[in-house]
Amino acid sequence: MGVDREQLVEQVLTLVESVPVGRVTTYGALAAAVGFGGPRWVGNVMAQYGATVPWWRVVRADGTLPASHRRAALAHYRAESTPLRYDANARAARVDLRMAGWEPPG
DNA sequence: GGGTTGACCAATG
DNA sequence: TCATTGGCCAACC
């Protein structure tokens with residue numbers, strides 16, 4: 001059956017809203033959950049509509065923060081006590097996916 | 001219809 | 001851990 005693109009977008013946003021506080025999921029996991037598009041498509045959806053949902057709970061597969069928003073995301077993580085990992089050089093902070101990784105239902 | 005662009009991913013060294 | 005490589009999918013021009 002043909003599913004509307006708009007409905008798929010809503011499904012992605014709903015899944016993002018269902019991510020527990022202090023936990024995160026990945027673009028790829030969301031794409032797999034909705035069974036449509038791919039990680040890059042989900043990234044595109046977030047770029048457009050992410051402002052209406054807790055976008056900081058969606059990170060890349062290796063735990064790095066979404067581009068262009070890492071500073072704002074860090075403030076949220078600190079507020080939510082999200083487990084973070086710091087590089088040896090402390091160049092960039094990443095979410096500890098072992099601890100905070102959350103798999104969306106699909 | 002082809003080239004380019006994204007808030008991407010996994011394998012490899 | 002980092003950089004490179006190839007693949008991925010839809011939107012836009």
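A note on names: the letters A, B, ... follow the listed sequences, proteins ahead of strands, and every chain is numbered from 1.
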Please list, pair by pair, any protein nitrogen or oxygen found under 3.5 Å from a nitrogen or oxygen in nucleotides 11-13 of chain B.
none

Would you list the protein and nucleotides 3-5 of chain C atom pairs, both N or O, that sit under 3.5 Å from each other?
none

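For E80(A), the salt bridge (Lys or Arg N to Asp or Glu O under 4.0 Å) criterion is met by R57(A), not counting sequence neighbours. Annotation: side-chain hydrogen bond (donor to acceptor under 3.5 Å, both in side chains) contacts of R71(A) (sequence neighbours excluded): none.
An OP1 or OP2 oxygen of dA7(B) is reached within less than 4.0 angstrom by no side-chain nitrogen or oxygen of R70(A).
One atom, OH of Y27(A), and another, C1' of dC9(C), lie 16 Å apart when rounded to the nearest Å. Between the CG atom of L8(A) and the P atom of dA10(C) there is a distance of 10 Å, given to the nearest Å.
For the salt bridge (Lys or Arg N to Asp or Glu O under 4.0 Å) condition, no pair includes a residue of residues 20-36 of chain A, sequence neighbours left out. Within the structure, the ring-ring contact (aromatic ring centres under 6.0 Å, His included) test picks out no pair touching residues 15-35 of chain A (sequence neighbours left out). Listed by first then second residue, pairs satisfying salt bridge (Lys or Arg N to Asp or Glu O under 4.0 Å) with a partner in residues 27-46 of chain A number zero, not counting sequence neighbours. Among residues at least two apart or in separate chains, there is no salt bridge (Lys or Arg N to Asp or Glu O under 4.0 Å) pair with a member in residues 6-17 of chain A.
Among dT1(C), dA10(C), dC8(B), the nucleotide with an atom closest to any side-chain atom of F36(A) is dA10(C).
Within residues 96-106 of chain A, no residue has any heavy atom closer than 4.0 Å to DNA chain B. Against DNA chain B, the stretch residues 49-67 of chain A makes heavy-atom approaches under 4.0 Å through W55(A), R60(A), A61(A), P66(A), A67(A). Within a heavy-atom distance below 4.0 Å of DNA chain C, the residues of residues 39-48 of chain A found are R40(A), W41(A).
Other residues sharing the hydrophobic cluster of V19(A), ordered by chain and number and joined by side-chain separations under 4.5 Å: W102(A).
Nucleotides dC8(C) and dG6(B), compared at atom C1', are 12 Å apart to the nearest Å. Nucleotides dT5(C) and dA7(B), compared at atom P, are 23 Å apart to the nearest Å.
Residue contacts shown for R94(A) are limited to sugar-phosphate atoms, with no base heavy atom under 4.0 Å away.
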